[in-house]
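Just the heavy atoms: all of them, side chains too, but no hydrogens, waters or symmetry mates, feed the values below.
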Amino acid sequence: MPDDIKLVIAIPTAGTVPMSFAYSLATMVSYTAANGIPSRPEASLELKMDVVESSNWITNREQLVKRALDAGMTHLMFLDDDMMFEPQVLDIMLGRRQPIVCTNYLIKTEPASDFVAVDLKGKRLPTHEKSKGIQPIMYSGFGVSLFELQVFKDIPQPWFAPDFLSKENSYTTEDLPMYRRAREAGYKIYLDHDA
C-alpha cells in the first residue's frame, strides 16, 4: 500500500530572508517537483508551504505545527530562514522513514567551531565528510528538521517552551526541551549526517 505523505514546509521567520536560503528553498522545491521522492517511490506527495512571521520564534513554531495539524498534514519540515541546504535534502530525510530526523550545523558563534547536535552522552557531535547515515542523538537544532506530525499529537502543548536554568539565570533554546519531551513520549531523535 503506498504512503500518502502530506508535508508542509514550515518557515518561522522574522521577515528578512537571505538569498542563500531563498536559493536553497527554490532548488529543493524544484528538485522535488521534478523527481518526487526517489527514496520512497511508492509514496504520493502533497507539498505545501506555510510561513509565520514575527520576532517570537517559539510562537512561530507553535503556530506552524498547530496549523499543519489542523490541515490534516502528516509531516512537517522546519526550515529556518538562515539555513542553506542541498536540493535533495527532503528526499534524503524522508527516505529514513523515521518520525524525527534532524540535521547538524555549526553553532552561530565567532569563530564557529562547535556543531549543534548533542549525542546520547551529552557531548557535541560533529558531522564531517566521513560521517554517514543516521545516528540516535539527544537533540539538535530545528534549522532543517523533519517530523511526522504524530509526534506533536503525542506531546501536549506547549511544544516549544524553553526551560529556565536558574544557575545560569537564562533560558534554554526551544529545541532541547521539545526533543526531551519527544524522547519521554518514546521517540528516538535521529541525526542525518548525509542530509
Side-chain angles (χ1 to χ4, degrees), residues 8-18 21 50-70 73 75-85 93 96 98-128 131 134-193 195:
V8 61
I9 297 170
I11 304 170
T13 183
T16 303
V17 176
F21 173 80
D50 195 7
V51 177
V52 174
E53 180 182 340
S54 81
S55 60
N56 189 325
W57 284 83
I58 294 166
T59 298
N60 294 355
R61 291 194 199 285
E62 292 281 341
Q63 290 183 4
L64 286 162
V65 169
K66 180 76 169 74
R67 290 176 1 184
L69 288 168
D70 290 347
M73 306 304 279
H75 292 72
L76 178 140
M77 181 181 219
F78 276 127
L79 293 179
D80 288 358
D81 65 10
D82 58 352
M83 293 287 109
M84 293 173 21
F85 40 90
M93 294 174 82
R96 302 307 186 184
Q98 296 296 330
I100 305 173
V101 182
C102 50
T103 59
N104 207 1
Y105 44 90
L106 290 170
I107 297 172
K108 292 184 180 85
T109 56
E110 291 298 328
S113 59
D114 258 342
F115 283 83
V116 70
V118 173
D119 68 18
L120 295 174
K121 295 178 181 177
K123 299 196 186 242
R124 293 284 174 196
L125 176 65
T127 294
H128 297 295
S131 304
I134 59 174
Q135 177 177 351
I137 59 167
M138 188 178 297
Y139 74 97
S140 189
F142 291 129
V144 178
S145 53
L146 180 68
F147 298 87
E148 290 180 3
L149 279 164
Q150 185 62 45
V151 172
F152 296 101
K153 293 177 184 176
D154 293 340
I155 302 170
Q157 257 186 299
W159 298 299
F160 303 103
D163 293 334
F164 182 70
L165 306 173
S166 55
K167 209 174 191 181
E168 290 85 1
N169 197 35
S170 67
Y171 287 93
T172 64
T173 56
E174 75 275 23
D175 45 24
L176 169 62
M178 185 274 159
Y179 285 126
R180 184 188 66 241
R181 289 191 280 272
R183 287 194 317 276
E184 288 168 354
Y187 288 98
K188 288 186 178 177
I189 291 81
Y190 286 98
L191 174 64
D192 194 329
H193 288 293

With sequence neighbours excluded, what pairs up with Glu184 under the side-chain hydrogen bond (donor to acceptor under 3.5 Å, both in side chains) test?
-> none
Identify, with sequence neighbours excluded, every residue that meets side chain to side chain contact (heavy atoms under 4.5 Å, CB included) alongside Ala185.
-> Ile155, Tyr187
What's the shortest heavy-atom distance between Phe115 and Leu125, and which atoms?
-> CB-O, 3.4 Å
Looking at side-chain heavy atoms only, is the closest gap between Asn60 and Phe160 below 4.5 Å?
-> no
Using the test salt bridge (charged side-chain N to carboxylate O under 4.0 Å, His left out), find all partners of Asp50 that sit at least two apart in sequence or belong to another chain.
-> Arg67
Hey, could you give me the CD1/CG distance between Ile9 and Leu79, rounded to the nearest 0.5 Å?
-> 6.0 Å
The salt bridge (charged side-chain N to carboxylate O under 4.0 Å, His left out) partners of Arg96 (sequence neighbours excluded) come to Asp192, Asp194
Do Val118 and Arg124 come within less than 4.5 Å of each other through their side chains, counting heavy atoms only?
-> yes
How far apart are the C-alpha atoms of Phe78 and Val65, what are their side-chain angles, what is the distance that settles it, and do they pass the side-chain contact (heavy atoms from CB on, under 4.5 Å) test?
-> CA-CA 10 Å; Phe78 276 127; Val65 169; 3.9 Å; yes
Please list, chain by chain and in numerical order, all residues satisfying side chain to side chain contact (heavy atoms under 4.5 Å, CB included) with Lys188, sequence neighbours excluded.
-> Tyr190
Verdict with reasoning, Tyr179 to Ile137, per side-chain contact (heavy atoms from CB on, under 4.5 Å) = CA-CA 10 Å; Tyr179 285 126; Ile137 59 167; over 6 Å; no
Closest approach of Glu62 and Pro158, non-hydrogen atoms and distance?
-> OE2-C, 3.4 Å
How close do Met178 and Phe152 get, heavy atom to heavy atom, and via which atoms?
-> CE-CE2, 3.4 Å
Under the salt bridge (charged side-chain N to carboxylate O under 4.0 Å, His left out) test, which residues partner Lys66, sequence neighbours left out?
-> Asp70
Report yes if the side chains of Phe164 and Asn169 come closer than 4.5 Å at any heavy-atom pair, otherwise no.
-> yes
Please collect all salt bridge (charged side-chain N to carboxylate O under 4.0 Å, His left out) contacts where either partner lies in residues 156-165, sequence neighbours excluded, each pair once.
-> Asp163-Arg180
To the nearest 0.5 angstrom, please state how far the CZ atom of Arg181 sits from the CD atom of Gln157.
-> 10.5 Å
Which donor-acceptor pairs under 3.5 Å do side chains of residues 138-149 form with protein atoms, sequence neighbours excluded?
{"from": "Ser140", "atom 1": "OG", "to": "Thr103", "atom 2": "O", "distance (Å)": "2.8"}
{"from": "Ser145", "atom 1": "OG", "to": "Phe142", "atom 2": "O", "distance (Å)": "3.0"}

With sequence neighbours left out, what residues match Asp80 under side chain to side chain contact (heavy atoms under 4.5 Å, CB included)?
-> Pro12, Trp57, Arg61, Asp82, Met83
Hey, is the main chain of Ile189 close enough, under 3.5 Å, to the side chain of Arg183 for a donor-acceptor pair?
-> no
Contacts of type side-chain hydrogen bond (donor to acceptor under 3.5 Å, both in side chains), residue Ser131, not counting sequence neighbours = none
Taking all non-hydrogen atoms of both residues into account, name the closest pair between Thr172 and Leu176 and its distance.
-> CG2-CD2, 4.2 Å
By side-chain hydrogen bond (donor to acceptor under 3.5 Å, both in side chains) - contacts of Thr173 (at least two apart) = Asp175
Give the minimum heavy-atom separation between Ile100 and Val151, together with the two atoms involved.
-> CG1-CG2, 3.8 Å
Any residue meeting side-chain hydrogen bond (donor to acceptor under 3.5 Å, both in side chains) with Thr13, in chain and number order, not counting sequence neighbours = Asp81
